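Because the structure is predicted, anything quoted here is derived from the model rather than measured. Per chain, numbering begins at 1; letters A, B, ... match sequence-line order. Below, all heavy atoms of this structure are taken into account, side chains as well, without hydrogens, waters or symmetry copies.
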2 protein chains.
Amino acid sequence: MDRRQQKTRNAIFKALSTLLETKRYSNITVQEIIDEANIGRSTFYAHFETKDELLKTLCTDIFSHVFSDELMSEKTHDFSGGNTGLEARLTHILHHLKDSEKNIVGILSCESGELFMRYFKGYLTEMFSKYLNEVKVNAPADFVLNHLVGSFAETVKWWIDNKMKYTPEETTRYYIELSCVDRVTD
Amino acid sequence: MDRRQQKTRNAIFKALSTLLETKRYSNITVQEIIDEANIGRSTFYAHFETKDELLKTLCTDIFSHVFSDELMSEKTHDFSGGNTGLEARLTHILHHLKDSEKNIVGILSCESGELFMRYFKGYLTEMFSKYLNEVKVNAPADFVLNHLVGSFAETVKWWIDNKMKYTPEETTRYYIELSCVDRVTD
DNA sequence: ATGTTAGCGAACATATTGTTAGTTTAAATT
DNA sequence: AATTTAAACTAACAATATGTTCGCTAACAT
């Protein structure tokens, strides 16, 4: 890809991230992004149709790093150690999110966080479905799946909001402790 | 309060609700609300400073019904039956949300849901703190509290998104089954 | 009956949006 | 190195949304 495009793209991403540190997503205008990124008006619209599409793309970019192919693959030796591999996978996610911290914090606060969480839960749902058969609880499968995904997503959001005050390993451990996935081994 | 004010207020609330059925919150303009409510421009601004304040007020209104004083009071005989009273309280909440269904569905989808959930979690946090001492798990208290609140909020959101296909009683039962609050009685 | 107040309608400056056209500059290709 | 390709720039555009103000009318409370 043309270096100019990449440069512009990054400038736009960075501009949005920067603005998100001080303003809510809905109060940020395309104009401000343009000014902050220091690009021409038409250039922005050449890259993204709307502000929303920009946010979507930013989220997709972040998650493509977090949920790598190896993470999502059925069985990888890296993740099959320990209990069921779930703990390793979750820790892996938290570590990657920690790396993207600067970008994420702004997005997660306020309404833009809704989109982020929706994407996040989408990936998580795919991942957790594999472990659903290990859970023996008296509740419908779709209910359990949503509970696992929702509670983990909320845990991560809380973890980030609270400056990641626990290590990824601790956080995962606590989560598993509270979840129904470890009921099997009880 | 002047009947005219109440009438206008309701017209605005209803207009927003109606619009939320077909459009995302961020794409709804004050102009559209004015047209839908069939009121004068200056009238809207006499009631609410911004679109956001309107949404905030709508949420507050809904929750003031759901989280009544008796529900939040330390001990009420209505809620002290059963396990710990928690189950009764949660069921009570679900029943009330079911009554407000028409208003809520639109709000919950997309970014406006973020505000709704934040408010919701705020009330829930207050309520769940009372039950925190009943949970004996190897994890920090703030972590547990967030997990309880977050997972219940997500469960409710999922329940509403899925047309409330389980009864309030079933839903609460499943939730308690998956939560760490019933570990005590294990 | 009378003073009070909410709502109306129109107009206003200001700002944002999304698009277009012509030009400049930087990259890719030969 | 010269040429071609295309990305980015400037500036201008109509259309729309915002938030405020005015005088006027009609409904309300007492």
Side-chain angles (χ1 to χ4, degrees), chain A residues 1-61 106-107 109-115, chain B residues 1-61 106-107 109-115:
Chain A
M1 182 187 260
D2 200 313
R3 288 176 230 157
R4 287 172 296 179
Q5 281 189 64
Q6 201 56 257
K7 206 177 125 198
T8 303
R9 217 179 138 87
N10 288 337
I12 294 175
F13 281 156
K14 189 172 181 182
L16 180 59
S17 286
T18 304
L19 289 170
L20 275 171
E21 288 171 17
T22 54
K23 301 191 66 171
R24 295 178 39 189
Y25 174 75
S26 62
N27 293 333
I28 295 172
T29 64
V30 175
Q31 190 61 52
E32 286 173 308
I33 298 172
I34 288 168
D35 293 342
E36 178 69 33
N38 201 28
I39 57 168
R41 176 160 204 71
S42 53
T43 306
F44 177 90
Y45 286 104
H47 282 260
F48 304 100
E49 285 196 359
T50 61
K51 194 181 64 164
D52 282 5
E53 201 202 311
L54 165 60
L55 177 62
K56 247 170 96 174
T57 310
L58 186 56
C59 287
T60 307
D61 266 34
I107 299 177
S109 61
C110 302
E111 353 72 59
S112 51
E114 209 279 334
L115 183 74
Chain B
M1 182 185 262
D2 201 314
R3 286 176 230 156
R4 289 171 294 179
Q5 281 191 61
Q6 201 55 259
K7 207 177 124 195
T8 304
R9 217 180 138 86
N10 288 337
I12 295 175
F13 281 156
K14 189 171 181 184
L16 179 58
S17 287
T18 304
L19 289 170
L20 275 171
E21 289 171 17
T22 53
K23 301 190 66 171
R24 295 177 39 188
Y25 174 75
S26 62
N27 292 334
I28 294 172
T29 65
V30 175
Q31 190 61 52
E32 285 174 308
I33 298 172
I34 288 167
D35 292 342
E36 177 70 33
N38 201 28
I39 57 168
R41 178 161 202 73
S42 52
T43 307
F44 177 89
Y45 286 105
H47 282 260
F48 304 100
E49 284 195 0
T50 60
K51 195 181 62 163
D52 282 5
E53 200 203 312
L54 164 60
L55 177 61
K56 246 169 96 173
T57 310
L58 187 55
C59 287
T60 307
D61 266 34
I107 299 176
S109 60
C110 301
E111 352 72 58
S112 50
E114 209 279 332
L115 182 74

**Report entry** side-chain hydrogen bond (donor to acceptor under 3.5 Å, both in side chains): pairs with one or both residues in residues 42-51 of chain B, sequence neighbours excluded
**Finding:**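 Residue pairs with at least one partner in residues 42-51 of chain B: there are none.
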
Requested in this report: Would you indicate whether the side-chain heavy atoms of Val30(B) and Leu54(B) approach each other to under 4.5 Å?
Outcome: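 Of all side-chain heavy-atom pairs linking Val30(B) with Leu54(B), none is under 4.5 Å.
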
Query raised in the report: With side chains defined as the heavy atoms from C-beta onward, is the minimum distance between Thr57(A) and Phe13(A) less than 4.5 Å?
Result: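 In contact.
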
**Report entry** Of all pairs that satisfy salt bridge (Lys or Arg N to Asp or Glu O under 4.0 Å), the ones with a partner from residues 9-19 of chain B, not counting sequence neighbours
**Finding:**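 Qualifying pairs: none.
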
Query raised in the report: Any salt bridge (Lys or Arg N to Asp or Glu O under 4.0 Å) pairs touching residues 33-47 of chain B, not counting sequence neighbours?
Result: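 Every candidate salt bridge (Lys or Arg N to Asp or Glu O under 4.0 Å) pair involving residues 33-47 of chain B fails, so no pair, neighbours aside, qualifies.
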
**Report entry** Interface with DNA chain D, restricted to residues 14-38 of chain B and to heavy atoms under 4.0 Å
**Finding:**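 When residues 14-38 of chain B is checked for heavy atoms under 4.0 Å from DNA chain D, the hits, listed by number, are Thr29(B), Val30(B), Gln31(B).
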
Query - Sub-4.0 Å heavy-atom contacts from residues 40-48 of chain A onto DNA chain D, ordered by number - result: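 Under 4.0 Å from DNA chain D: Gly40(A), Arg41(A), Ser42(A), Thr43(A), His47(A).
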
Within this structure, what is the [atom1]-[atom2] distance for the pair [X] and [Y], rounded to the nearest 0.5 Å?
{"X": "Thr60(A)", "Y": "Glu53(A)", "atom1": "OG1", "atom2": "CD", "value": "10.0 Å"}
{"X": "Leu58(A)", "Y": "Ile107(A)", "atom1": "CG", "atom2": "CD1", "value": "4.0 Å"}
{"X": "Ile28(B)", "Y": "Ser112(B)", "atom1": "CD1", "atom2": "OG", "value": "7.5 Å"}
{"X": "Leu19(B)", "Y": "Ile33(B)", "atom1": "CG", "atom2": "CD1", "value": "6.5 Å"}

Report task. Could I get the full list of salt bridge (Lys or Arg N to Asp or Glu O under 4.0 Å) partners for Arg24(B), not counting sequence neighbours? Result ->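 Salt bridge (Lys or Arg N to Asp or Glu O under 4.0 Å) check on Arg24(B) returns Asp52(A), Glu111(B).
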
How close or far is atom [atom2] of [N] from atom [atom1] of [X], stated in whole angstroms?
{"X": "Glu53(B)", "N": "dT18(D)", "atom1": "CD", "atom2": "C1'", "value": "16 Å"}
{"X": "Lys7(B)", "N": "dC8(C)", "atom1": "NZ", "atom2": "C1'", "value": "12 Å"}
{"X": "Leu54(A)", "N": "dG18(C)", "atom1": "CG", "atom2": "P", "value": "13 Å"}
{"X": "Asn10(A)", "N": "dA8(D)", "atom1": "CG", "atom2": "P", "value": "11 Å"}
{"X": "Gln6(A)", "N": "dA26(C)", "atom1": "CD", "atom2": "C1'", "value": "16 Å"}

Report task. Go through DNA chain D and write down every stem, that is, every run of at least three consecutive Watson-Crick or G-U wobble pairs with distances under 3.5 Å, as range with range. Result ->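 Stems (3+ consecutive pairs) listed as C:1-11 with D:20-30, C:13-17 with D:14-18, C:19-30 with D:1-12.
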
Requested in this report: Just jot down the side chain to side chain donor-acceptor pair (under 3.5 Å) partners of Lys23(B), sequence neighbours excluded, or say none.
Outcome: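 Expected list: Glu32(B).
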
Query - Sequence-distant partners of Ser17(A), side chain to side chain donor-acceptor pair (under 3.5 Å), two or more places apart - result: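 Ser17(A) satisfies side chain to side chain donor-acceptor pair (under 3.5 Å) with Asn103(A) once adjacent residues are dropped.
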
Report task. Name all residues meeting the side-chain contact (heavy atoms from CB on, under 4.5 Å) criterion together with Lys7(B); count only those two or more places apart in sequence or in a different chain, and write none if there are none. Result ->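 By the side-chain contact (heavy atoms from CB on, under 4.5 Å) rule, Lys7(B) matches no residue at all.
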
Every protein N/O lying under 3.5 Å from an N/O of nucleotides 25-28 of chain D:
residue, atom, partner, partner atom, Å
dA27(D), N3, Arg4(B), NH1, 3.3

